[in-house]
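Worksheet: one structure, shown below.
Each residue takes its place number in the sequence, starting with 1.
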Amino acid sequence: MFKFFTKKKWQLWSWLGSFIILLSLWVQVKIDVKINEWFGVFYDMIQKALAKPNSITIEEYWANLASFITLAGMYIALYVIISFFTAHYLFRWRAAMVEWYHSVYDRARKIEGASQRVQEDTIKFTRIMESLGTSFIESVMVLIQFTPILLGLSVGIPIFFFGDWQYGLITGALLWTIGGTIFLIGLGWILRLVGVEYDLQKKEAAYRKILVVAEDDGNIRPKTINELFDDVRSIHFLSYIRYLYFNIGRMAYLQANVLSAYVFLAPAIVAGVVTLGVMQQIIRAFGRVEGSLQYLLKAWPTIIELASVYKRLREFENVINSTEIVIQKD
């Protein structure tokens, strides 16, 4: 799966491409920091205008909106360009994978579900890496940039439960996030979601294989096809009920999460010790930090799918390698 980074043929794409993607994500986060600062200035201006009529000019108002449009335009342009580049980068990664599979396909084709591993799972692997990998890196960068901002904004502001402690907001976000993540990881483990996803793909592969064989072999009994489809139906229905239970817990937590920043800021809001602009900055920074800490929580269904795909491809490659060893001994 990772020959993309070790084979000389692909190293320009793999290493230089990785650097370009990382650099662009860092620039996106820096623009996001500037947008967060803009929110503070803009909402303080709004509060000033609403408290005292004509205290700001229409030119100042339009200038603030124009500054946001400039930042947003830069962010959008960078996002579009790097999304295009990342798509090409990940297709090269897939090409490096299937190139090796093709070279050993005389052995691989004898493994059950070989065609699905080479064609379908390589697509899934790269597509999941596109969303999961970049979002993970971005989450780390957001934490690096926004944690000091949140610490600076929370100085001298009373925080629910933590009082005037400077690290109250960060600690609150960390405790809330870790608690929710542990809860959902535990729930996913109890429901055996990775195992169910793996079994689902395995039964789908067996069903697909018999259909392909049946295209050329008229002696394949319809009963055999029906039996395999019954297995497919049963594992799908099991996955539906397991994900029903998981999503109840996941969505309940995420909905409660909407209010978390307002709960922690309740003493400061009631006492009126923050302006509207500062409150918006804190809530947005808190949300960015909390969202980054909740990476595992929000991406859990995708992580389950990636774990299943990785498990299938690793198992596939191990069988190919073990077959090669046997051939060499013979």
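Every residue two or more places apart in sequence or in another chain was checked for a ring-ring contact (aromatic ring centres under 6.0 Å, His included) with Y79, and none qualifies. Contacts of S260 classified as side-chain hydrogen bond (donor to acceptor under 3.5 Å, both in side chains), with partners at least two apart in sequence or in another chain: E290. Take I76 and apply the side chain to side chain contact (heavy atoms under 4.5 Å, CB included) test, not counting sequence neighbours, and it matches V80. With sequence neighbours excluded, the residues forming a side chain to side chain contact (heavy atoms under 4.5 Å, CB included) with W15 are F5, Q11, listed by chain and number. The side chain to side chain contact (heavy atoms under 4.5 Å, CB included) search around P267 returns P158, F160, not counting sequence neighbours. Contacts of D231 classified as side-chain hydrogen bond (donor to acceptor under 3.5 Å, both in side chains), with partners at least two apart in sequence or in another chain: none. In terms of the ring-ring contact (aromatic ring centres under 6.0 Å, His included) criterion, residue partners of F68 (sequence neighbours excluded) are, by chain and number, W38. Residues that satisfy the ring-ring contact (aromatic ring centres under 6.0 Å, His included) test with F19, not counting sequence neighbours, are absent from this structure. The side chain to side chain contact (heavy atoms under 4.5 Å, CB included) test applied to V33 returns E37, Q145, F146, I149, not counting sequence neighbours.
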**Asked** Taking it one step at a time, do I144 and W26 satisfy side chain to side chain contact (heavy atoms under 4.5 Å, CB included)?
**Response** CA-CA 10 Å; I144 293 171; W26 180 254; 4.2 Å; yes
**Request:** Using the side chain to side chain contact (heavy atoms under 4.5 Å, CB included) rule, take D32 and E138 through it: C-alpha gap first, then chi angles, then the decisive distance, then the call.
**Result:** CA-CA 11 Å; D32 199 16; E138 185 179 8; 5.9 Å; no
**Prompt:** Going through the distances and angles, do V289 and V142 end up as a side chain to side chain contact (heavy atoms under 4.5 Å, CB included)?
**Reply:** CA-CA 7 Å; V289 170; V142 165; 5.6 Å; no
**Message:** Go through it in stages, so that I can follow the logic: the residues are L187 and L193, the test is side chain to side chain contact (heavy atoms under 4.5 Å, CB included), and I'd like the CA-CA distance, side-chain angles, deciding distance and then a yes or no.
**Reply:** CA-CA 9 Å; L187 186 59; L193 294 184; over 6 Å; no
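Put simply, M279 and V263 are part of the same group of oily side chains (I, L, V, M, F, W, Y) that touch within less than 4.5 Å, one to the next.
In this structure, the side chain of S67 engages the main chain of N64 through a donor-acceptor pair within 3.5 Å.
Ring to ring, W10 and Y89 are not that close: their centroids are 6.0 angstrom or more apart.
Taking 4.5 Å as the limit, some side-chain heavy atom of M74 sits within range of a side-chain heavy atom of T70. Side-chain atoms of F84 and I81, non-hydrogen and from C-beta on, never get closer than 4.5 Å to each other. I21 places none of its side-chain heavy atoms less than 4.5 Å from the side chain of I137. Side-chain contact check for N257 versus W176: some heavy-atom pair is nearer than 4.5 Å. For the pair F4 and R92, the minimum side-chain heavy-atom distance is below 4.5 Å. Under the 4.5 Å side-chain criterion, counting only non-hydrogen atoms from C-beta, V27 is in contact with L78.
Note that OG1 of T147 and CG of L143 are 5.0 Å apart. Values are rounded to the nearest 0.5 Å. Atom CG of L169 and atom CG of L265 lie 5.5 Å apart (nearest 0.5 Å). Once rounded to the nearest 0.5 Å, the distance linking CD1 of I269 with CD1 of I282 reads 8.5 Å. Atoms NE2 and OG, on H88 and S83 in that order, are 12.0 Å from each other to the nearest 0.5 Å. A distance of 14.5 Å separates CD1 in I157 from CZ in F264, rounded to the nearest 0.5 Å.
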List the atom pairs, donor and acceptor, that lie under 3.5 Å between side-chain atoms in residues 242-249 and the rest of the protein, sequence neighbours left out.
residue	atom	partner	partner atom	Å
R242	NH1	L191	O	2.5
N247	ND2	Y243	O	3.1

Just list the side-chain donor-acceptor pairs under 3.5 Å for residues 42-53, sequence neighbours left out, or say none.
residue	atom	partner	partner atom	Å
D44	OD1	T275	OG1	2.7
D44	OD1	G277	N	2.9
Q47	OE1	L276	N	3.2

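When every heavy atom of V232 is checked against every heavy atom of I235, the shortest pair comes out as O-CG2, 3.2 Å. For the pair A285 and L150, the tightest heavy-atom approach, listed with the atom from each and the gap, is CB-CD1, 4.1 Å.
Identified under the salt bridge (Lys or Arg N to Asp or Glu O under 4.0 Å) test for residues 57-70, with sequence neighbours left out: none.
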